[in-house]
Participant: 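Structure in structure tokens, see below.
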There are 2 protein chains.
Amino acid sequence: MFIKLHRNAEELIRLSGGRATVGRIRILSILLAEQQAITHREIEQRLPQTLQLDRVTLYRALEWLAGKNLIHKVTSDDRVWRYHANRELHSHQQHAHFKCTRCAQVICLSDLPIERSWPLPIGYRFQEIELTVKGLCADCS
Amino acid sequence: MFIKLHRNAEELIRLSGGRATVGRIRILSILLAEQQAITHREIEQRLPQTLQLDRVTLYRALEWLAGKNLIHKVTSDDRVWRYHANRELHSHQQHAHFKCTRCAQVICLSDLPIERSWPLPIGYRFQEIELTVKGLCADCS
DNA sequence: AAATAAACGCAATAACGTTGCAATGATTTT
DNA sequence: AAAATCATTGCAACGTTATTGCGTTTATTT
């Protein structure tokens, strides 16, 4: 199972025209294996002892992956970025996020059941919507 | 005009059961005079030379005002809090925010034309929605 | 005017993220 | 297969925003 993810990650990276380094592959594997959006720190903790990356390297790898649209960053009110692999469903489509106000878990919700644009004042131009629903997750409620 | 805001601010603070200090009054006046949500730094810059507050004091005053529901904090993807006075319209109602991707200006949009709750996975409990529309403001587009 | 407790200012600290630069290593070229 | 090349990495230092502790000041009450 994990090997499959690993190969999958490597291929995705190569197809994006970047170097398939151990770190990038591992990071993308971790994100592909994860249901929820996780922080820089959480990714660090999931790295095996045998492959501890420098904080900066991790930041840069994440930035690169996001630039290649293999993952996306999620804003949060705790001023910490969370990262999530782009499933096909999400890659070309906007979607909402859910954040548990107790355990801070973040998951992606399915696509937006609202209009893709939004009524704005005159002269304003719409680009995108960022929507986070807050509440309690199944474990915390 | 400004004096009116000043008195208004002072009254709001007293009604909330707090000490009407020069700093708090001034800060709330500034926020009441502002159309958009502004940052800690921007508030600092709008303070008169004759009343420069310590950064920490400003943070604490803002926190206090938010706790009393006189203002509210707005999350943003640049990891900077923005603050906005609670008009009656907004105080008891959720609303969306707009952020210009070029000049970083943030304004409050009118109340949400979407359902107040949101379809969540089984076991999850809804609390609130946080919605930011991004695009270009009238000046930047 | 004195008492009191809330607010303030200063200094230090925390957390997250970024930048510059020399060293390493994945790919390509020979 | 070895050398060349340039993207990527690791380290150290730095930047920004925000928070905490504590002694001092000040708005309000007595």
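The sequence lines fix the lettering, A, B, ..., with proteins before strands; numbering per chain opens at 1. Model, not experiment: these values are computed from the prediction.
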Participant: Report the distance from atom CG of A:Asp54 to atom C1' of D:dA12, rounded to the nearest whole Å.
Facilitator: 10 Å
Participant: Could you check whether any side-chain heavy atom of B:Tyr83 comes within less than 4.5 Å of a side-chain heavy atom of B:His72, counting everything from C-beta outward?
Facilitator: no
Participant: Between the side chains of A:His84 and A:His95, is a donor N or O closer than 3.5 angstrom to an acceptor N or O?
Facilitator: no
Participant: Assess whether atom CZ of A:Arg125 is packed by more than 12 heavy atoms of other residues, nucleotides or ligands within 6.0 Å.
Facilitator: no
Participant: Would you kindly give the CZ-to-C1' distance between B:Arg26 and C:dC8, to the nearest whole Å?
Facilitator: 18 Å
Participant: Using whole Å, what does the distance between atom P of nucleotide D:dT17 and atom CG of B:Leu62 come to?
Facilitator: 14 Å
Participant: Base, backbone or nothing for each nucleotide of nucleotides 16-29 of chain C, written B, S, -, heavy atoms under 4.0 angstrom, 5' to 3'?
Facilitator: BBBBB----BBS--
Participant: In whole angstrom, give the distance that lies between atom CG of A:Leu58 and atom P of D:dT8.
Facilitator: 15 Å
Participant: Go through the structure and list residues passing ring-ring contact (aromatic ring centres under 6.0 Å, His included) with B:His40, not counting sequence neighbours.
Facilitator: B:Tyr59
Participant: Do A:Val80 and B:Val74 share a hydrophobic cluster, counting only Ile, Leu, Val, Met, Phe, Trp and Tyr and linking them when any side-chain heavy atoms are less than 4.5 Å apart?
Facilitator: no
Participant: Please assess B:Arg55 against B:Glu44 for the test salt bridge (charged side-chain N to carboxylate O under 4.0 Å, His left out), listing each intermediate value before the final yes or no.
Facilitator: CA-CA 8 Å; B:Arg55 288 169 47 257; B:Glu44 215 167 22; 5.2 Å; no
Participant: Are B:Thr57 and C:dA7 close enough that a side-chain N or O sits under 4.0 Å from OP1 or OP2?
Facilitator: no
